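Given the structure is predicted, the values throughout are model-derived calculations rather than measurements. Within every chain, numbering begins at 1; the chains are lettered A, B, ... in the order of the sequence lines, protein sequences first and strands thereafter.
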Number of protein chains: 6
Amino acid sequence: MSAQENQKLFFNLTELVGQLRESRESTHKIRHLGRVRELPSRAELESILTGLFAALFPTHYGRPDLTDDDIDYFVGDVLNVTLKKLAEQVRRGLYFVSQEDLADENQFDQKAKDLTKKFAENLPNIRALIVSDVRAAMSGDPAATSVSEILLCYPGVSATIHYRIAHALHQLGARLLARFISEIAHSKTGVDIHPGAEINEGFFIDHGTGVVIGETAVIGKHVRLYQAVTLGAKRFPADSEGNLIKGQARHPVVEDEVVIYAGATVLGRVTIGARSTIGGNVWLTHSVPPDSNISQAQMLSH
Amino acid sequence: MSAQENQKLFFNLTELVGQLRESRESTHKIRHLGRVRELPSRAELESILTGLFAALFPTHYGRPDLTDDDIDYFVGDVLNVTLKKLAEQVRRGLYFVSQEDLADENQFDQKAKDLTKKFAENLPNIRALIVSDVRAAMSGDPAATSVSEILLCYPGVSATIHYRIAHALHQLGARLLARFISEIAHSKTGVDIHPGAEINEGFFIDHGTGVVIGETAVIGKHVRLYQAVTLGAKRFPADSEGNLIKGQARHPVVEDEVVIYAGATVLGRVTIGARSTIGGNVWLTHSVPPDSNISQAQMLSH
Amino acid sequence: MSAQENQKLFFNLTELVGQLRESRESTHKIRHLGRVRELPSRAELESILTGLFAALFPTHYGRPDLTDDDIDYFVGDVLNVTLKKLAEQVRRGLYFVSQEDLADENQFDQKAKDLTKKFAENLPNIRALIVSDVRAAMSGDPAATSVSEILLCYPGVSATIHYRIAHALHQLGARLLARFISEIAHSKTGVDIHPGAEINEGFFIDHGTGVVIGETAVIGKHVRLYQAVTLGAKRFPADSEGNLIKGQARHPVVEDEVVIYAGATVLGRVTIGARSTIGGNVWLTHSVPPDSNISQAQMLSH
Amino acid sequence: MSAQENQKLFFNLTELVGQLRESRESTHKIRHLGRVRELPSRAELESILTGLFAALFPTHYGRPDLTDDDIDYFVGDVLNVTLKKLAEQVRRGLYFVSQEDLADENQFDQKAKDLTKKFAENLPNIRALIVSDVRAAMSGDPAATSVSEILLCYPGVSATIHYRIAHALHQLGARLLARFISEIAHSKTGVDIHPGAEINEGFFIDHGTGVVIGETAVIGKHVRLYQAVTLGAKRFPADSEGNLIKGQARHPVVEDEVVIYAGATVLGRVTIGARSTIGGNVWLTHSVPPDSNISQAQMLSH
Amino acid sequence: MSAQENQKLFFNLTELVGQLRESRESTHKIRHLGRVRELPSRAELESILTGLFAALFPTHYGRPDLTDDDIDYFVGDVLNVTLKKLAEQVRRGLYFVSQEDLADENQFDQKAKDLTKKFAENLPNIRALIVSDVRAAMSGDPAATSVSEILLCYPGVSATIHYRIAHALHQLGARLLARFISEIAHSKTGVDIHPGAEINEGFFIDHGTGVVIGETAVIGKHVRLYQAVTLGAKRFPADSEGNLIKGQARHPVVEDEVVIYAGATVLGRVTIGARSTIGGNVWLTHSVPPDSNISQAQMLSH
Amino acid sequence: MSAQENQKLFFNLTELVGQLRESRESTHKIRHLGRVRELPSRAELESILTGLFAALFPTHYGRPDLTDDDIDYFVGDVLNVTLKKLAEQVRRGLYFVSQEDLADENQFDQKAKDLTKKFAENLPNIRALIVSDVRAAMSGDPAATSVSEILLCYPGVSATIHYRIAHALHQLGARLLARFISEIAHSKTGVDIHPGAEINEGFFIDHGTGVVIGETAVIGKHVRLYQAVTLGAKRFPADSEGNLIKGQARHPVVEDEVVIYAGATVLGRVTIGARSTIGGNVWLTHSVPPDSNISQAQMLSH
């Protein structure tokens, strides 16, 4: 073998780069052309979530040795760094999905700061909701021994905190970012809550893996779900040309104090009346009145 | 715009810090007051788990190029670092959940070392159990081609190793730590096994996502589960004041050589007799005798 | 307490190292003896996957500010680094599973380069398939607002991209590596697709957690699955000595344009005819003709 | 000791923060008020230098396994990332030292890009100069065995490469950045060359520690210096109010092919004529004609 | 070659470990026996120095985008983390050098906190001294263009800041730590100032490489040094048994407003009178009165 | 501004890449053509040095909490990792400088292992020499308070340890690697000792910055040097064609127990007789007999 051959790569890099460029260009609708619009960064969002968790519960998610003397400095500095980072990601998200002319590019910076400011003002309320969720977990699971165990060891609670943050951003218009956060939560916890869903205080998901809550679901106070519960859509209406109609209310309404056990599937814009219990693995596509007790009939063949 | 304005933040940091402080103080029951008790650290626990996995299976989870000449140095050094770290996290966990007087603070260091010492002595037994689990996987899955594939590519096996470590810590009294480990495993594998559960040798979970095994479940030898199987509680008895009664046996007993297929839900303190087969998606809330074969009746509407 | 005592460790390290060595030696079948064969590295594989994702969709998974002027340099450099790393992991995987004599050790380097070269040549095709999957997601989910949202926020799409890479490697013979990649995808997304499965273009999994697709499954064009769908094996035939027979076709065939809703379980070498709809939580162990509409009968007890 | 006391910090954080704020405010001239002007970042500059070194000598400072097939992708991608980073640091530097009104803030982005573009165009020339320096080292040191040894192991050569980059930036007006780079080089190599100095091709510093070359020094072709040589200013003229007059030519002119041995000190705007040799530890404050041979008289007392 | 041979390391690890153990044991005086006393950690000290620099000059060494609204949170949090880390390193240093009985081990924690508290109280004074040093640099170097350039680009100033911190710790009794800091500064800047030296306000070292200032040197106000100046000891008196007598004043006293040019060496307990100028490369071993102007005679041999 | 323009980079990347390629090709002598020969990696060498320092002095440079029970595991594992890494860098160095034919490429792996094995066998001797150096520092500096202070805070000692390692590699033939290590030491400590120099036991350099010791210097037992001492070459003999003659003895011989004070310069193959003292800043180019006391005459002009 000659030295010259030895110097060659074992694959044809230039040809491959060219083919991938062709592939990108032939599917050009897959990204915006004409200007560079940076997508939000997953790594930055994960860092922002770490910061928000730490600001909300400093000794659980921040530094465990904080005292009354130093905790505000920690919270202040974490918030300062985190909210600046968030504003940049919000800016990216707003700009990316915008249809507007390039001339307006600079406006997104101010829009993002305004949105982030409102989100910041909302943080105390978000914290209050999360505290209600933690208390619901404490009273809802006989295995729970302390608030700290709940904050550290309950994926359903972690998913709910992610949701409360994502929902606040969604309501303020940062929808791509909110979805990205819900996906991060999904990846960590196995719980998939669309940020568009409306969930009231005192919400608890136990175990959690496989729970799916759709975009237009509405959930009352003190609702409890178990793993693998789906609150989904039944069918997707299409317009006359066969395109999906987006944005319609198509997921369940779950009223206050409902409990839904593992594996139950509730589909469509149905209402589960207050204080109802839906049994495990139940398949439900119609509304049930308050105080219903629905369970799967059982068939066994020995 | 004046320079002075430019220097301002785009949100009111001081006000926000104050509101979050108020929120923390108004929910003061959410953390222990009066002394700083550091919580265990997730990052440290993940590092400890990496170390224990490496000490137990050095070429699979440690360094793949180890030989007979150097493997003991690797194992010894990893164990040394890992067990010291573990003792510190055990100390934190014991101290955090303790009700005792401050004067006793120093005792937790010794208690943690004693507990960690016992855990260390137990490691060869833990390894033997895991070997039995790996063999069960090898004989239970036709797609498995080698022990290495099982150790590297089977989330159910990974979850079981985590469980065996967490359970040993749970039995020795490090319950918060054990729960934390089970949550780490859950996050990685989608399998949620409470460290209080008792699981005998030769245990195999295939695929695994969505499996939930409750705190008081008891599982015999050579049991095999598939994804999304729940061994849960049926109801939670409350005392006369409506508070949940904690600690009662409320999860299933699964005897030797039982197989439970995907999505099956077994609830309550029922017994699945030895060698039974529980079909997929079955909903089971009563005991079945040995050698039962339970499957869901099927209803189709074309 | 004497100083000498103080210097001791709080556990018996040497004894423990010895016991673990004994444990390894007594279970010696658990790893290959006689020569050091390094296992593939999970960290390297994760880095390789990051590189392949970035090379395929540079602005979504690589760097979001790339322009027409610089994108090829990025793609070329990422591919160069990534494919060299891949060749080394392929080499490890091939060597590890080989039965061949030591004398042949050096051949694996060339084999791995040849295999990696073929994989590289296949990348444009892989990208085309993924583009078809993304388009299927866009047209299949009313909540989807843009291609970017789909690439960043849909775990089912992420799992599918992982599968397309793993399947290409599996077909070329890098089976251990392919399985390892499918496990990494499973851990991140909750979706477990065996790399041996054959899946045609336009595949979409929504939500995804708990989906299991077995080794010999065959899936047609434009198939859509929801969370917790299992395409599994019904039973595992054993030979006359009770050993599992490996490699037989034992998972479903799903024809073009089938939709399978959340929690449905299809087991065995059955065929779901084209354009059929399988309802949520359905348990199906026989073939159904094209255009079938299968749903679970519902039993409620109020 | 009460629990409340235990929670206190062992120092008074709030008082200390207040005192440091007072200290900053009382020395307010020490930073620009009225607007936030970010300083260049040392970490970013170090990353930029790593990138430029790698782009200039890819196999020595970049990746040692590059071949003709892949080297341009590496160089292109490294340059792309590095020059974008450089433009941002140039922008910071220009803005920071500017006296201009806030309204003009946005102009610095374009100015920085223009400057960086010119710097980029200059890179091939910079490389040619460095190649001449490396060749001078090869012919000037009997201990040198290869070009690679010189690029990897000669701090004087490393300092010269840093200088050539810093000088190019200095000439284009990025003076703060240029000085910052010279300080980074000084810290790494012990050689302190002001970026304002003019140094012709074929420059070689052997050993290097302690060499100081002042802002207005002029050095001809093929000059060789040894460690601890100073080319400094003799005195600093002050104006009538006692303020130093800045910017005057006050450092030596060293003509072509001069050699200056270790520890020699040349001060003031003197000229060392071409081909002169200045001996070790010589103290020189007047000009010498070409072909001079200056050495320290030696006095020994036994 | 047999497989068994292949598994061997290419060196004898066990023998080597044994020999090194023997070597350690035969030189047992080289470390304290009988109890584990952890040495301070260089990495921790570097992190502490980074923190102190950032707390003292937040926009130069911390985060360049801080505003009046957020700067105190940053300073407070950095100080909090840094001073806790410092207390631990002080504890290690005090314990390590102590001669005391093991029974007293716990006292060092409190001692270290007390010492760190005093150091913290001293920080505003330290900052004031450094500001005087920066102003001296600004007025002493015609090449200096701004305070920021001085803080970022002057190794002599960096060395002086390190010295001011180390000296404060030295005075409080943390001598091992103080020396460790001076060595870190030396490594970064080439300037070696013993923390025991006493240096008044307005101190400036230009260029700096090779400056050495001994343990008992005393330096007045507004003194300026150039590179390679030594303020050293002339000889080391030994006692009757030949052991060095430690701690005696043996380095120069340099009075106010003295300037010492590059390469000058001043040895022994001599006094340089106020306002004197010591020329470059001068070798001085006796005192000189105020307003002296000492320079090296020059001998040239053409 | 059109969108298309916006997408362009602000510099011409492709042109620049082309020019740099041309520049590399036109200076092709600057690297080996015809085959890829990877250079040793600075990062790897730094990691190897960290490992060797830790293996030699485990509690000072490794982990400070090691006890008799665990120290051998630490040493064994560190050595194992470090020596394998070293063998790879040795291989690169040997291969890089080789003139041999490609066919022999594989031999360098075995050569490197053999060389590394010998180096490993030499480590106990290296340690013994370093212990003698540390003792010399302890008895030579009145400011030294403990062996630990010397190991942690004396750059001259750090430089000497680096030299002892580099010299051992140099003697075994790994010359490029040895030089690389000496440059790393130089960068950290300001002390430049060529690995070819021969230095006997009990060597001590105080302060150290600016010390230069040439390739063919020979230094006896218990020699002490201060900062900025040069043991250099006087002139470089060239052959009839003007090329430097490499490898001749051209640096001083320093006999036992000599002390050389700061800034002294000794040039050429001269001999400093045993027990001599060379004063600061002395310039010496001829031999002196044993017990000489050389000092610079002093000239002062007031």
Side-chain angles (χ1 to χ4, degrees), chain A residues 38 41 43-44 47-92 106 108-124 126-127, chain E residues 38 41 43-44 47-92 106 108-124 126-127:
Chain A
E38 295 185 74
S41 149
E44 280 297 288
S47 157
I48 287 163
L49 288 166
T50 299
L52 292 174
F53 273 59
L56 292 170
F57 297 92
T59 58
H60 288 90
Y61 297 125
R63 285 206 299 263
D65 65 343
L66 292 166
T67 68
D68 285 354
D69 287 353
D70 52 21
I71 197 165
D72 281 354
Y73 292 106
F74 173 78
V75 170
D77 195 51
V78 164
L79 276 174
N80 184 34
V81 171
T82 301
L83 292 172
K84 285 174 183 167
K85 282 185 183 176
L86 178 58
E88 164 61 12
Q89 298 303 311
V90 167
R91 186 194 66 74
R92 289 189 178 194
N106 291 323
F108 293 103
D109 185 52
Q110 192 55 48
K111 278 189 181 173
K113 283 179 177 163
D114 293 346
L115 193 158
T116 305
K117 181 172 187 288
K118 284 178 193 152
F119 173 77
E121 288 162 2
N122 203 9
L123 275 173
I126 291 173
R127 190 176 189 279
Chain E
E38 295 184 74
S41 151
E44 279 298 289
S47 156
I48 287 163
L49 288 165
T50 299
L52 291 174
F53 273 59
L56 292 171
F57 297 93
T59 58
H60 288 91
Y61 297 125
R63 285 206 300 262
D65 65 342
L66 292 166
T67 68
D68 285 354
D69 288 353
D70 52 22
I71 197 166
D72 281 355
Y73 291 105
F74 173 77
V75 170
D77 195 50
V78 164
L79 277 174
N80 184 33
V81 171
T82 300
L83 293 172
K84 285 174 183 168
K85 282 186 183 175
L86 178 58
E88 164 61 11
Q89 298 303 312
V90 168
R91 187 195 66 72
R92 288 188 177 197
N106 292 323
F108 293 102
D109 185 53
Q110 192 56 47
K111 277 188 182 175
K113 283 179 176 163
D114 293 346
L115 194 158
T116 304
K117 182 173 185 288
K118 283 178 193 151
F119 173 78
E121 289 163 1
N122 205 9
L123 276 174
I126 291 173
R127 191 177 188 280

Under 4.5 Å, heavy atom to heavy atom: which of residues 113-123 of chain A reach chain E? Give them by number, or say none. none

For A:Lys85, what residues pass the salt bridge (charged side-chain N to carboxylate O under 4.0 Å, His left out) criterion, not counting sequence neighbours? none

Could you tell me the separation between the CG atom of E:Asp72 and the CG atom of A:Asp77, rounded to the nearest 0.5 Å? 11.0 Å

Do E:Tyr73 and A:Asn80 have side chains that approach each other closer than 4.5 Å (heavy atoms only, starting at C-beta)? no

